[in-house]
**Student:** 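Could you have a look at this structure, given as structure tokens, before my questions?
Letters A, B, ... are given to chains in the order of the sequence lines, protein chains preceding strands, and every chain is numbered from 1.
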Amino acid sequence: MSKGVTPQSQDYAKWYTDVVQKAELADYSPVKGCMVIRPYGYAIWENIQSVLDRMFKDTGHVNAYFPMLIPESFLKKEADHVEGFAPELAVVTHGGGKKLEEPLVIRPTSETIIWSMYKKWINSYRDLPILINQWANVVRWEMRTRMFLRTTEFLWQEGHTAHATGDEAVEEALKMIDVYRTFAENYMAVPVIVGKKTENEKFAGAVDTYTIEAMMGDKRALQSGTSHYLGQNFAKAFDVMFQNEKNETEYVYASSWGVSTRLVGALIMAHGDDKGLILPPKLAPYQVVIVPIYRDEATKSAVTDYVDKITRSLGSLNVRFHVDTRETLSPGYKFNDWEMKGVPLRVEAGPRDVANDKLVVVRRDTGEKTLQSRESFLESVGGLLDTIQDSMYRNRLAFRDDNTQDISSYDELKAATADGGFARAYWDGSGDDERTIQEETKATIRCIPFGQDGSEGTCFYTGRKTSRQVIIAKAY
RNA sequence: CGGGGCGUAGCGCAGCCCGGUUAGCGCGCCUGCUUUGGGAGCAGGAAGCCGGAAGUUCAAAUCUUCUCGCCCCGACCA
């Protein structure tokens, strides 16, 4: 492996692909647009999964699995849904050596297959709500792909809920976007703006789409999770009705919500630097890596014994650690390697440290190097990991705030977003206005943030009075 | 699908313009010895139908034509 990665300042896109490869997160597959997620990348995804899965279950959801192959006709039942997904479908036309009566699409998302089943399962309000999540792969034939951010096949979770009232379904969609916000902020250490998508940007088949938008290291926005209030659109398309308490027949209300392996891309780009990844302790496959340093067999056995004492304690402290015992690599190489892989804390243990009962402890996020006694390290490591987690979040929050500007004219918008950056502005334009702005500036309305104070201002584009503010940025 | 670039050892490249002996270099890999506190050193070694096909020629990695694939930039999206 050659040294280092392309500096961010030189070519951010190249930096990103370099990091993905050199940190051994993923590799290119023989099929265009697909990727192989390597063990280290998958370990990050597994940590994301296990935290989110717990959060979903704590909010009353259960997991299930629906098939990957969907009759083509299902996709055509919801008008907006077909229109939205038709161009990016992979279709199976043959099976068992014979042409199929009806082609099967590989799921781009599972609303249709799930709602075809909900029709069988829902009769009465007593059957509601249904709160199902599934962890799955989906395929969307994208024109341009990028590792983790947009690949032909990707892994995600998709929640699909069914409710007796629209209010309840909206509440569910809002609850889940808040789960995503909590996850992004508390686990990924990535601040996000929570809000509603405009008509142009919402999901194909949704009444409303909610989103969390994060700022990457190049100041561009990344949609990191979405939830949708689907109204009765899919219930009508699949004829899913229930009898309410007054014995009236009514269509069921729906929500769906998802996050994907794109979150791994978000972690890379939100925190990474020219040395590689910087992982938040709560999601890092290894929170601490120990590099033993020795000269000969005598120092090796002394250092090994010393390291054993440390790892026994770390194990009981519930710290995820790894001891790098690779024989053929120099300590210097290992330092760089684990920095590339973003491990939050590196511990160096050599003969000098054994002699003094000390350790060299290095923070990945700040580069700060300290000499500590073994005892004080073991006492403080848990707190130090929390400090890193917190400091990473505050660092990214400050970065985002520094790169977010309030703008009040079209020229200001262009200036604020040209080189990345979020623009916050009053907005009363139309969908066509939005498209024009996108064509002219490449920036899009990322969302209409929640929690607006209702104060009035002037739309920067139409000049009309409005109380609605939006966030505009170039996005991935 | 439009514009640009690239296919030579596992990876990154040189050689190609101007055809000519065993096709080179760096990294990685293998063996041995010495090393190990910020990407170790020396010695030896393995590894290539030069993306594919056809053509020109005494002779093709090199020239011609066709083809396949990949990457980057634009039009779509979690």
**Student:** CZ of A/R146 versus P of B/G74: gap in Å, rounded?
**Tutor:**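 Distance, rounded to whole Å: 10 Å.
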**Student:** Across all strands, who's sitting opposite B/G74 as a Watson-Crick or G-U wobble pair, both distances under 3.5 Å?
**Tutor:**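 Looking at the geometry, B/G74 pairs with B/C1.
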**Student:** With the threshold set at 4.0 Å, does a side-chain nitrogen-carboxylate oxygen contact exist between A/R181 and A/D178?
**Tutor:**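 Answer for the salt bridge query: yes.
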**Student:** Which residues satisfy the ring pair (Phe, Tyr, Trp, His ring centres under 6.0 Å) test with A/H163, sequence neighbours excluded?
**Tutor:**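 Ring pair (Phe, Tyr, Trp, His ring centres under 6.0 Å) list for A/H163, sorted by chain: empty.
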**Student:** Would you please name every residue forming a side chain to side chain contact (heavy atoms under 4.5 Å, CB included) with A/S260, sequence neighbours left out?
**Tutor:**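 Partners of A/S260 under the side chain to side chain contact (heavy atoms under 4.5 Å, CB included) test: A/F154, A/W156, A/R262.
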**Student:** Using atom C1' of each nucleotide, how far apart are B/G12 and B/G48 to the nearest Å?
**Tutor:**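 Taking atom C1' in both B/G12 and B/G48, they lie 15 Å apart.
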**Student:** If we take the P atom in both B/G20 and B/U36, what is their distance in whole Å?
**Tutor:**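 These two P atoms come out 48 Å apart once rounded.
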**Student:** Hey, which sits more toward the 5' end of RNA chain B by its nearest nucleotide, A/Y28 or A/K275?
**Tutor:**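 Looking at the nearest nucleotide for each, A/K275 comes out on the 5' side.
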**Student:** For atom C1', what is the distance between B/C66 and B/A14, given to the nearest Å?
**Tutor:**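 So the two C1' atoms sit 28 Å from each other.
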**Student:** Please give the nucleotide sitting opposite B/U35 as a Watson-Crick or G-U wobble pair, both distances under 3.5 Å, or none.
**Tutor:**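 Checking every strand shown, B/U35 finds no partner, since no pair has both distances under 3.5 Å.
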**Student:** Tell me if the side-chain of A/E339 makes a donor-acceptor pair with the base of B/G39, cut-off 3.5 Å, by modelled atom types.
**Tutor:**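 Between B/G39 and A/E339, which were checked side chain against base, a qualifying N/O pair under 3.5 Å is absent.
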**Student:** With A/K334, which residues qualify under side chain to side chain contact (heavy atoms under 4.5 Å, CB included), at least two apart?
**Tutor:**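 Testing A/K334 for side chain to side chain contact (heavy atoms under 4.5 Å, CB included), a comparison that skips the adjacent residues, returns A/V291, A/D324, A/R326, A/L329, A/W338.
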**Student:** Looking at B/G69, which nucleotide sits across from it as a Watson-Crick or G-U wobble partner, both distances under 3.5 angstrom, or is there none?
**Tutor:**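 Looking at the geometry, B/G69 pairs with B/C6.
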**Student:** In whole angstrom, what separates A/Y16's OH from B/C71's P?
**Tutor:**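 So the OH-P distance, A/Y16 to B/C71, works out to 15 Å.
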**Student:** Are any protein N/O atoms closer than 3.5 Å to N/O atoms in nucleotides 34-36 of chain B? If there are, list each pair with its distance.
**Tutor:**
residue : atom : partner : partner atom : Å
B/U36   : O2'  : A/Y294  : O            : 3.3
B/U36   : O4   : A/R295  : O            : 3.4

**Student:** Going by an N to O cut-off under 4.0 Å, is there a salt bridge joining A/D18 and A/K14?
**Tutor:**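 Result for this pair is yes, salt bridge flagged.
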**Student:** Could you pull out all residues at least two apart from A/E379 that satisfy side chain to side chain contact (heavy atoms under 4.5 Å, CB included)?
**Tutor:**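 With sequence neighbours excluded, A/E379 shows a side chain to side chain contact (heavy atoms under 4.5 Å, CB included) to A/E375, given in chain and number order.
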**Student:** Going by purine N1 to pyrimidine N3 plus the second Watson-Crick contact, or the G-U wobble pair, all under 3.5 Å, which nucleotide sits opposite B/G24?
**Tutor:**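 Partner of B/G24: B/C13.
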**Student:** Using Watson-Crick or G-U wobble geometry with both distances below 3.5 Å, tell me the partner of B/C63, or none.
**Tutor:**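 With both distances under 3.5 Å, B/C63 matches B/G55.
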**Student:** Please give the distance between the P atoms of B/G45 and B/G24 as a whole number of Å.
**Tutor:**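 My reading of the P atoms in B/G45 and B/G24 gives 14 Å.
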**Student:** Which nucleotide wins on minimum distance to the side chain of A/Y333, given the candidates B/G37, B/G38, B/G39?
**Tutor:**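 Comparing B/G37, B/G38, B/G39 against the side chain of A/Y333, the answer is B/G39.
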**Student:** Looking at A/R374 and A/D357, does any basic side-chain N land under 4.0 Å from a carboxylate oxygen?
**Tutor:**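 A salt bridge is present here (some side-chain N lies under 4.0 Å from a carboxylate O).
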**Student:** How would you label the contact of A/V360 with the nucleic acid (heavy atoms, under 4.0 Å): base, sugar-phosphate, or nothing?
**Tutor:**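 A/V360: base contact, heavy atoms under 4.0 Å.
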**Student:** When rounded to the nearest Å, what value does the distance between C1' atoms of B/G15 and B/C6 take?
**Tutor:**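 Result for the C1' pair: 16 Å, nearest Å.
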**Student:** If you take the centroid of each ring, where Trp contributes its six-membered ring, are A/H81 and A/W115 closer together than 6.0 Å?
**Tutor:**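 Between A/H81 and A/W115, which both carry aromatic rings, the centre distance is not below 6.0 Å.
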**Student:** Any salt bridge between A/K300 and A/D296, counting N to O under 4.0 Å?
**Tutor:**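 No, no charged N to carboxylate O under 4.0 Å.
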**Student:** Look at the side chain of A/D353 and the base of B/G37, then say whether one donor and one acceptor between them are separated by less than 3.5 Å.
**Tutor:**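 Looking at the base of B/G37, it does pair with a donor or acceptor on the side chain of A/D353 (distance under 3.5 Å).
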**Student:** Please report the distance separating the P of B/C72 from the corresponding atom of B/C33, rounded so that it comes out in whole Å.
**Tutor:**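 It comes out at 45 Å once rounded to the nearest Å.
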**Student:** Which part of the nucleic acid does A/R326 contact within heavy-atom distance under 4.0 Å: base, sugar-phosphate only, or nothing?
**Tutor:**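 Counting heavy atoms under 4.0 Å across all strands, no contact is made by A/R326.
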**Student:** Nucleotides 75-78 of chain B: which of its N/O atoms have a protein N/O under 3.5 Å away?
**Tutor:**
residue : atom : partner : partner atom : Å
B/A75   : OP1  : A/K442  : NZ           : 3.1
B/C76   : O2   : A/E142  : OE1          : 3.2
B/C77   : O2   : A/R150  : NE           : 2.2
B/C77   : O2   : A/R150  : NH2          : 2.5
B/C77   : N3   : A/R150  : NE           : 3.4
B/C77   : N3   : A/R150  : NH2          : 2.4
B/A78   : O3'  : A/Q223  : NE2          : 2.7
B/A78   : O2'  : A/R262  : NE           : 2.9
B/A78   : O2'  : A/R262  : NH1          : 2.4
B/A78   : N6   : A/T151  : N            : 3.1
B/A78   : N6   : A/T151  : O            : 2.8
B/A78   : N3   : A/S260  : OG           : 2.9

**Student:** Could you measure between the two C1' atoms, the one in B/G10 and the one in B/A46, and give it in whole Å?
**Tutor:**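 Each nucleotide's C1' atom is 13 Å from the other's.
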**Student:** Taking atom P in both B/G4 and B/A61, what distance in whole Å separates the two?
**Tutor:**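 One P to the other, the span is 29 Å.
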**Student:** Side chains of A/W427 and A/I437: closer than 4.5 Å at any heavy-atom pair?
**Tutor:**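 With C-beta onward as the side chain, the pair touches.
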